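Inspection log for the structure reproduced underneath, given as structure tokens.
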Amino acid sequence: MSDDRIDAQINQFRQDRREHLSMIQNTISRMSTNSFLTRGWSVTIFTGLYTLYATKQNDFLLGVIIAVVCIFWLMDSYYLGLERAYRDLYDDVRGAQSTVTDFNMQAQVKGRWLNAMRSRIFLISYVPALGSTILIFAIKCLRI
């Protein structure tokens with residue numbers, strides 16, 4: 001009887017760990033989807049504002065474009081930082097030697113978005129968009 005109870009506890013622990021990992025994986029998927037949608041919206045809005053600028057030639061729009069690119073870069077970095085933090089939490093839970101599942105969903109997110117801002121995908125997408133807009137703005141201001 002004792003062995004049956006131990007087997008039941010082990011099975012319950014395994015099921016709890018699977019549920020915990022599933023909860024973390026759902027959060028990772030949600031952050032990944034948010035990041036993808038943010039990037040899609042940024043391209044759409046950036047392109048629309050540049051089209052509007054090309055037709056109106058209003059220098060104020062260049063400032064709006066710079067602000068929009070910066071805001072979307074920050075948002076996308078935030079979601080990527082959260083996604084990375086939850087991936088680390090997933091690895092910690094997966095490799096834990098504990099026999100108790102606490103269903104902890106507290107990921108270490110402090111400073112993650114700053115590291116995510118320097119991610120390669122952002123350096124090849126947001127930096128050129130921001131740089132080209134600043135360059136156009138500088139040329140228009142200096143009347144070169």
Side-chain angles (χ1 to χ4, degrees), residues 1-56 58-141:
M1 176 112 180
S2 177
D3 288 339
D4 290 340
R5 191 167 20 164
I6 290 172
D7 287 343
Q9 288 175 342
I10 290 172
N11 287 337
Q12 182 62 42
F13 168 72
R14 288 180 180 161
Q15 181 63 29
D16 288 348
R17 182 167 282 182
R18 276 193 290 271
E19 288 295 322
H20 190 195
L21 290 172
S22 177
M23 289 168 49
I24 297 170
Q25 181 60 45
N26 289 338
T27 303
I28 293 168
S29 296
R30 196 166 48 249
M31 294 304 122
S32 177
T33 300
N34 289 345
S35 181
F36 179 76
L37 290 173
T38 299
R39 207 166 301 126
W41 274 104
S42 70
V43 169
T44 302
I45 292 173
F46 178 75
T47 305
L49 286 172
Y50 251 114
T51 303
L52 187 60
Y53 172 74
T55 58
K56 301 284 185 185
N58 185 346
D59 293 341
F60 175 75
L61 284 173
L62 288 174
V64 171
I65 292 169
I66 291 170
V68 165
V69 171
C70 289
I71 288 168
F72 276 104
W73 188 0
L74 289 172
M75 281 179 25
D76 207 356
S77 298
Y78 175 73
Y79 287 127
L80 182 61
L82 281 176
E83 179 185 342
R84 288 177 177 174
Y86 278 101
R87 275 194 242 146
D88 289 345
L89 178 64
Y90 185 93
D91 287 339
D92 291 345
V93 169
R94 184 181 50 84
Q97 298 299 321
S98 173
T99 58
V100 177
T101 301
D102 62 357
F103 292 97
N104 179 20
M105 292 294 289
Q106 296 290 327
Q108 299 297 323
V109 297
K110 189 174 184 177
R112 293 283 185 140
W113 68 275
L114 287 173
N115 290 332
M117 281 186 76
R118 296 185 299 255
S119 179
R120 192 175 333 158
I121 188 68
F122 299 149
L123 295 178
I124 62 173
S125 59
Y126 290 111
V127 170
L130 188 61
S132 63
T133 306
I134 290 172
L135 183 66
I136 292 170
F137 188 72
I139 290 171
K140 292 288 277 183
C141 286

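Positions are given from 1, in the same order as the sequence printed here. This one's a predicted model, so the numbers in the text were calculated from it and none came from an experiment.
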Original post:
Among side-chain atoms of Y126 and D76, is any donor-acceptor pair under 3.5 angstrom?
Top reply: yes
**OP:** Indicate whether the side chain of S22 and that of R18 have a donor and an acceptor atom separated by less than 3.5 Å.
**Re:** no
Rounded to the nearest 0.5 Å, what separates atom [atom1] in [X] from atom [atom2] in [Y]?
X	Y	atom1	atom2	result
D88	I28	CG	CD1	9.0 Å
R5	Q12	CZ	CD	14.5 Å
T44	L37	OG1	CG	10.5 Å
R112	S77	CZ	OG	13.5 Å
E83	T27	CD	OG1	11.0 Å
F122	M117	CZ	CE	9.0 Å

Kindly indicate whether the side chain of [X], heavy atoms from C-beta on, has any atom under 4.5 Å from the side chain of [Y].
X	Y	result
L80	S119	yes
M105	Y86	yes
N26	M23	no
I65	F137	no

**OP:** Quick one: list whatever passes side-chain hydrogen bond (donor to acceptor under 3.5 Å, both in side chains) with D91, sequence neighbours left out.
**Re:** R94
**OP:** Using atom types as modelled and distance alone, determine if a side-chain donor or acceptor of T38 lies under 3.5 Å from a backbone N or O of N34.
**Re:** yes
**OP:** Run the numbers on V68 and F46 for side-chain contact (heavy atoms from CB on, under 4.5 Å), then give the verdict.
**Re:** CA-CA 7 Å; V68 165; F46 178 75; 5.6 Å; no
Original post:
Does CZ in F72 sit with more than 12 non-hydrogen atoms of other residues, nucleotides or ligands closer than 6.0 Å?
Top reply: yes
Subject >> Residue list, side chain to side chain contact (heavy atoms under 4.5 Å, CB included) with I136, at least two apart or on another chain >> reply: Y50, Y53, L62, K140
Original post:
With Q108, which residues qualify under side chain to side chain contact (heavy atoms under 4.5 Å, CB included), at least two apart?
Top reply: none
**OP:** Applying side-chain contact (heavy atoms from CB on, under 4.5 Å), run through L130 and C70 and close with a yes or a no.
**Re:** CA-CA 8 Å; L130 188 61; C70 289; 3.9 Å; yes
